[in-house]
Amino acid sequence: GGIRLRQVRVRNDSCRVMQLYESPVNNVCYDFYSGSTRETRPFGPGGKYTWTSAAKTGESSKFGYVAGSSYDGSGYVAELPLNGTRAAEIVEELFKDLWIDRATRAVFVTFTCYNPNLNIFETVDISTEFEPTGRVVPRANFRGVTLTPYRTTSEVVILVFYGVFCLFVVGYLVFMVVDFITYMRIPSRRKCKWLRYFLNFWVLLDVVNNLMFVVLIIQRVLFFANPMRTQFTPELDHYEPLLPLTYAFYQEVNLTSFNICLTFFKVFKYLKFNAHLTLLWDTLKVAAADLFSFIIIFGIVFVGFSVWAMLLYGREAEGFNTFGLSLLSCLNIMLGNYEIDQMMQINRFVTPIFFICFMIFVYFILVNMFLAIINDAYGVVNRASRLKGMRLSSQMKKGIRRKVESLRNTFRKKEEKVMGDGKVISMLRRQGQAMGGSVPLKLNELRKLFKDLPEERRNRYVTRIYTKKKEAKDAEDDKVQDAIMMQRLANMETMLAEQARAMADLRAHLAALTGGAPVPGTPGGAAPGGPTGGVPGD
């Protein structure tokens, strides 16, 4: 297509000249470009250059580094055809008519090139901004886009994978909806239950990530549905506004890059099974309180130095002429990327003081405070992770061993598969009797008998047989205890009978000694020292 020239202008009364300096020669003022200072009236000889709205030009807005805001797609347009002679005549006419003058604030030169080797349309946007001081700021942007993709075999394969990815996104959205419905059906007395569900960090990350994937899919569909994609041809003699389509494509690329970052953040959600794989996340959680206080202190100090630098160098250095650019320049100084010679040329007296103070307070103190906070938190988390469970290698070995054993038991033909539970139990009993007769088998012995069985059935058989053997052993132990108790009772009865016979013999002996008189202290005898209690022979 052709080449388009477009400029934006400001009114000659967009600012006010001080009355002290006002004169017939100096009575107009041209301010920075904004929506309120924009010129829309015709200008040039006979007013032949007219203003065109953004809807008619088809151009999208562009950010203005000088204006500090965006230039919309409107302006005064002049188009150059592909014919070189005719294009040169139009440029000469614009030059004679003073198409660019004091009111001009930006000129945009836009055209499109086509590379048949790569099947890429390259949009070239050369912008030139004019400050009220007369300084000119040129910039150039080159953006390539493929209007007819998915023609080669590799591109078709990419398209197939893209379709599978879309199905995966839809399936995951359905899973999230089902999970939310299941969560809401759980009875709970808490209010705003749905809000608590979405306030979970991982749930919120999943929602944002998948909604952005949906937006990307919609953008891709709209890109293919755009009629400009098929109607644009390199043989056009006039300019076709391809920039909106190119901007839409690059917005999709930017959104995709950000969403990929969110997707990789989700990896931490699935690494929580091992403490050593969550060191980064756990470190940030432990250091969160200290980092919040540090960020406040760092922000105060850093903003102060940025304002200081903007006041010192903003009038002459482009990197400090706004507060935002001054913040970025101070960040570059903190990272070691600075131009001390240019700063010394602007202000050679205050620059050493600024540089030394910045390095001491920001680089040596604040940066090391940040590293100390992270280091302390990492030490706490690392010590806790060493005390918590096994390492990743041990867990992986255990998991692989369990999986191999499961696969081996699945594909191995075992006689046990055609045997009923009764036959297996009978066989276990027979082998138990062979190993020890009526002696109950131990639990590890039962496991050794059928170690090749699937774990679930092996545990079931072992539990049943071991339970029966244990019950039989308990019953036998009860019988033994009863027999022991009966023997003890019989022994006690025998002992009591012997004690009774000993007492009878003792009474008979005492009666013989007293001559047949009752023994004192025994039934029928008087107490010692009574009327009849004398000693024989007295």
Side-chain angles (χ1 to χ4, degrees), residues 59-65 69-71 73 110 112-113 115 118-127 139-152 154-173 175-176 198 200-226 228-229 241-271 277-278 280-281 283-284 295 319 324-325 327-329 331-332 334-335 337:
E59 298 284 354
S60 56
S61 60
K62 300 178 180 63
F63 180 76
Y65 294 91
S69 59
S70 296
Y71 299 104
T110 310
T112 304
C113 301
N115 187 340
L118 302 176
N119 190 27
I120 292 178
F121 287 87
E122 189 78 17
T123 58
V124 181
D125 183 18
I126 302 174
S127 62
R139 297 184 186 275
N141 291 317
F142 303 88
R143 294 181 174 89
V145 61
T146 302
L147 299 182
T148 56
Y150 310 123
R151 289 182 175 270
T152 63
S154 59
E155 292 176 343
V156 171
V157 173
I158 294 175
L159 179 61
V160 172
F161 278 104
Y162 193 82
V164 173
F165 171 75
C166 294
L167 294 177
F168 175 79
V169 171
V170 173
Y172 198 82
L173 286 175
F175 169 77
M176 292 177 59
F198 287 106
N200 183 281
F201 176 77
W202 299 114
V203 173
L204 186 61
L205 183 62
D206 280 339
V207 171
V208 174
N209 184 225
N210 286 276
L211 288 180
M212 291 183 68
F213 276 130
V214 172
V215 172
L216 288 172
I217 294 172
I218 294 174
Q219 283 188 341
R220 174 60 60 171
V221 172
L222 293 177
F223 177 81
F224 281 104
N226 196 319
M228 185 185 300
R229 190 180 65 87
L242 191 61
L243 275 178
L245 191 63
T246 307
Y247 284 146
F249 176 77
Y250 274 84
Q251 286 177 1
E252 179 185 348
V253 172
N254 295 334
L255 190 60
T256 301
S257 61
F258 177 74
N259 207 23
I260 291 298
C261 181
L262 293 182
T263 304
F264 276 99
F265 265 108
K266 290 172 61 176
V267 175
F268 291 99
K269 176 182 178 181
Y270 304 104
L271 295 181
L277 296 179
T278 57
L280 173 61
W281 194 255
T283 301
L284 292 179
I295 289 173
L325 293 176
L327 282 174
L328 294 177
S329 299
L331 183 62
N332 286 330
M334 185 180 68
L335 297 177
N337 183 17

Spatial distance of atom [atom1] ([X]) from atom [atom2] ([Y]) [nearest 0.5 Å]:
X	Y	atom1	atom2	result
Lys62	Asp125	NZ	CG	4.5 Å
Thr123	Tyr247	OG1	OH	7.0 Å
Ser257	Ile260	OG	CD1	8.5 Å
Asn259	Asn254	CG	CG	12.5 Å
Thr256	Tyr250	OG1	OH	13.0 Å
Leu216	Gln251	CG	CD	11.5 Å

Heavy-atom count check: over 12 atoms from other residues, nucleotides or ligands less than 6.0 Å from [X] [atom1]?
X	atom1	value
Tyr172	OH	yes
Phe265	CZ	no
Phe201	CZ	yes
Phe168	CZ	no
Phe198	CZ	yes

Worksheet item: Stepwise, does the side-chain contact (heavy atoms from CB on, under 4.5 Å) test hold for Asn115 with Glu122?
Response: CA-CA 8 Å; Asn115 187 340; Glu122 189 78 17; over 6 Å; no

Identify the heavy atoms of [X] and [Y] that sit nearest to each other, and give their distance.
X	Y	answer
Arg143	Thr246	CB-CG2, 3.3 Å
Ser329	Gly319	OG-O, 2.6 Å
Arg220	Tyr162	CB-OH, 3.5 Å
Ile120	Gly144	CG2-CA, 4.0 Å

Discussion item. I'd like to know whether Val145 forms a side-chain contact (heavy atoms from CB on, under 4.5 Å) with Leu245, so could you lay out the CA-CA distance, the side-chain angles of the two residues, the decisive distance to 0.1 Å, and finally the verdict.
Written reply: CA-CA 9 Å; Val145 61; Leu245 191 63; 5.6 Å; no

Worksheet entry | Positive for side-chain contact (heavy atoms from CB on, under 4.5 Å) with Leu205, one of Asn200, Asn210, Leu262 |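 Exactly one option meets the side-chain contact (heavy atoms from CB on, under 4.5 Å) with Leu205, and it is Leu262.
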
Item to complete: Just say parallel, tilted or perpendicular for the rings of Phe223 and Phe249, cut-offs at 30° and 60°.
Response: tilted

